[in-house]
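Heads up: the structure comes next, in structure tokens.
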Amino acid sequence: MNNQLYGNLIFELSKAGRKGYSLPKNRFGNYQVPQELRRQQDAELPECDEMTVVRHYTNLSANNFGVDNGFYPLGSCTMKYNPKINEEMAALPQFQKLHPLQPAETTKGARALVALLERQLCTLTGLAHFTFKPYAGAHGELTGLMVIDNYHRSRGDLQRKKVIVPDSAHGTNPASAAVCGLEIIEVKSNDKGLVDVEDLRRLVAEEGPAIAAMMMTNPNTLGLFETSIPEITKLIHDCGGLMYYDGANLNPMLGACRPGDMGFDVMHINLHKTFSTPHGGGGPGSGPVGVREGLQQFFPVVSPYYGNFAVLIKACVYIMSLGRDQIKDVGPLATLNANYIKESLKDVYELPIEGLCKHEFVFDGLKDKSTGVTTMDVAKRLLDYGYHAPTIYFPLLFHESLMIEPTENESKDTIDGFIAVMRQIAEEAKNQPELVKSAPHNTPIGRVDDVLAAKHPVVTFRQMSKE
Ligand SMILES: *Cc1c(COP(=O)(O)O)cnc(C)c1O
């Protein structure tokens, strides 16, 4: 992209008097906007010719990184390929032109799709009912916790206000519990990265009658399968609590096992992760909540109508196009890809927890700590090579977390290319550490001050010439 020619902001390309439009002759006479509604001064809008506008925005769009133009191993996000047939189906006018207030008899097809998706999710999860109202994973967590709260209230069990959350959990878990008015108790991880059952036993002994639920992510955020689930669910159920399953990333479970069979009572699924809707930059999402039989009457109303309907269409099409047999390959392939990367890099990157992972895993930075090259540097250097960075500095269990999730979609060639680049960066860290520490070098914008960018984002343009 040629920034000199086309500029960074459309305002910088503006030349007084330039135009990229022509309006038809006014045939309706001269209606005057009432004086009190008029601007004091003309709006400061950019004035550009059509080609300048087209090139400016086309070039800007080429700066976007997406699954369609590169490998995107962002851990805990499941940035998987969105098959084009999903978009075609969601764009059918019969779906797209629906209005939520249409008479029910004219929306039978749409409602049949929701019912079909509910059956599909029940089959995949072993739960009995789903609500599709939540707009995201965190919204699903809140909805699911409200189900649990409503259940305890219905039994007059008003003192159950505490939720057990593992220390490795996604940050949305404690946040959702807090928004729901519940109190969070943290349970520790053991040295294998799994829930420490002894610590849990102690918490249950201390807090038993106050425990509303325990939230679990499985495989957990380290990509490890929680092996003590039967014991954990028994502990929680015996003290009167319910088990909540964070199924944001259901990828490794597809075709392998089901939360319902493992004793979970309530769960949410991120359709925008596991079932393929692209979801960078905050949307669009859908976080349906499933419950076992007998809890469906406690679903709260958290949004109007049917939730994010276009995402439901894409999830349903994704499931149907894989079909009953191929969907069983998703979990094993995602797991194979993650383990292949882990094993190919663990001699140069620090692997804090050995053994098989599921769909993702976490390195604790480079193995050789003497170079001073951090996880942040590695992530920035990856951009130079055309890869999206993995998730960094999450989970918080390690100082230099680098969390990699390849998904099931990628070919061996793509994965081998990524491994080669990760090794190359490890080599550079040894021989030319400054090159890595000052990366990225090939992107339109170099290294930004993350804190400043987050705390004081500049989202408006000031016209310097006029000040
Ligand atoms: C992504 C994720 C969430 C939150 O989902 P959003 O749609 O971003 O709200 C919750 N838990 C886990 C484990 C996740 O990976």
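For the numbers below, each heavy atom of this structure counts, side chains included, while hydrogens, waters and symmetry mates do not. Just so you know, ligand 1 is whichever comes first in the structure, and atom 1 is the first atom listed for that ligand.
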Item to check | Basic-acidic side-chain contact under 4.0 Å: Asp199, Arg202 | outcome: yes
Item to check | Distance-only side-chain donor-acceptor flag, Asn220 / Glu226, under 3.5 Å | outcome: yes
Checklist entry - Is there at least one pair of N or O atoms, one from Thr217 and one from ligand 1, spaced under 3.5 Å apart? => result no
Checklist entry - Short N/O distance, under 3.5 Å, between Lys273 and ligand 1? => result yes
Checklist entry - By ring pair (Phe, Tyr, Trp, His ring centres under 6.0 Å), which residues pair with Phe418, not counting sequence neighbours? => result Phe71, Tyr387
Checklist entry - Can you tell me if Asn173 and Glu141 form a side-chain donor-acceptor pair at under 3.5 Å? => result yes
Next on the checklist: Any nitrogen or oxygen of Ser76, side chain or backbone, less than 3.5 Å from one on ligand 1?
Outcome noted: yes
Next on the checklist: Is it the case that the side chains of Glu405 and Thr78 hold a donor-acceptor pair, with the cut-off being a distance below 3.5 Å and no angle test?
Outcome noted: yes
Next on the checklist: At less than 4.0 angstrom from any non-hydrogen atom of Ala248, what atoms of ligand 1 do you find?
Outcome noted: 2 (C), 3 (C), 10 (C), 11 (N), 12 (C), 13 (C), 14 (C), 15 (O)
Next on the checklist: Any heavy-atom pair between the side chains of Thr131 and Val302 that's under 4.5 Å?
Outcome noted: no
Checklist entry - Do Asn86 and Tyr81 get their side chains close enough for a donor-acceptor pair, meaning under 3.5 Å? => result no
Checklist entry - For ligand 1, does Thr221 get within less than 4.0 Å through its side chain, its backbone, both, or neither, judged by non-hydrogen atoms? => result neither
Next on the checklist: Just to confirm my output: which protein heavy-atom neighbour is closest to atom 13 (C) of ligand 1, and how far is it?
Outcome noted: Asp246 OD2, 3.4 Å
Checklist entry - His272: heavy atom below 4.0 Å from ligand 1, yes or no? => result yes
Checklist entry - Are His139 and ligand 1 in contact, using a heavy-atom cut-off of under 4.0 Å? => result no
Checklist outcome for this item: Note: Val311 and Gly285 closest approach over all heavy atoms is CG2-O, 4.0 Å
Checklist outcome for this item: A student checking ligand 1 against Glu141 at a 4.0 Å heavy-atom cut-off should list atoms 10 (C), 11 (N)
Item to check | Numbered atoms and elements of ligand 1 in range of Ala136, under 4.0 angstrom, heavy atoms | outcome: 7 (O), 9 (O)
Checklist entry - What is the closest protein heavy atom to atom 5 (O) of ligand 1, and at what distance does it sit? => result Asn270 ND2, 3.0 Å
Next on the checklist: Which residue and atom name correspond to the protein heavy atom nearest atom 6 (P) of ligand 1, and how close is it?
Outcome noted: Gly137 N, 3.4 Å
Next on the checklist: Between ligand 1 and His268, is the shortest N or O to N or O distance under 3.5 Å?
Outcome noted: no
Next on the checklist: Under 4.0 Å between a side-chain nitrogen and a carboxylate oxygen: does that hold for Asp347 and Arg423?
Outcome noted: yes
Checklist entry - Do protein heavy atoms approach atom 8 (O) of ligand 1 to less than 4.0 Å? => result no
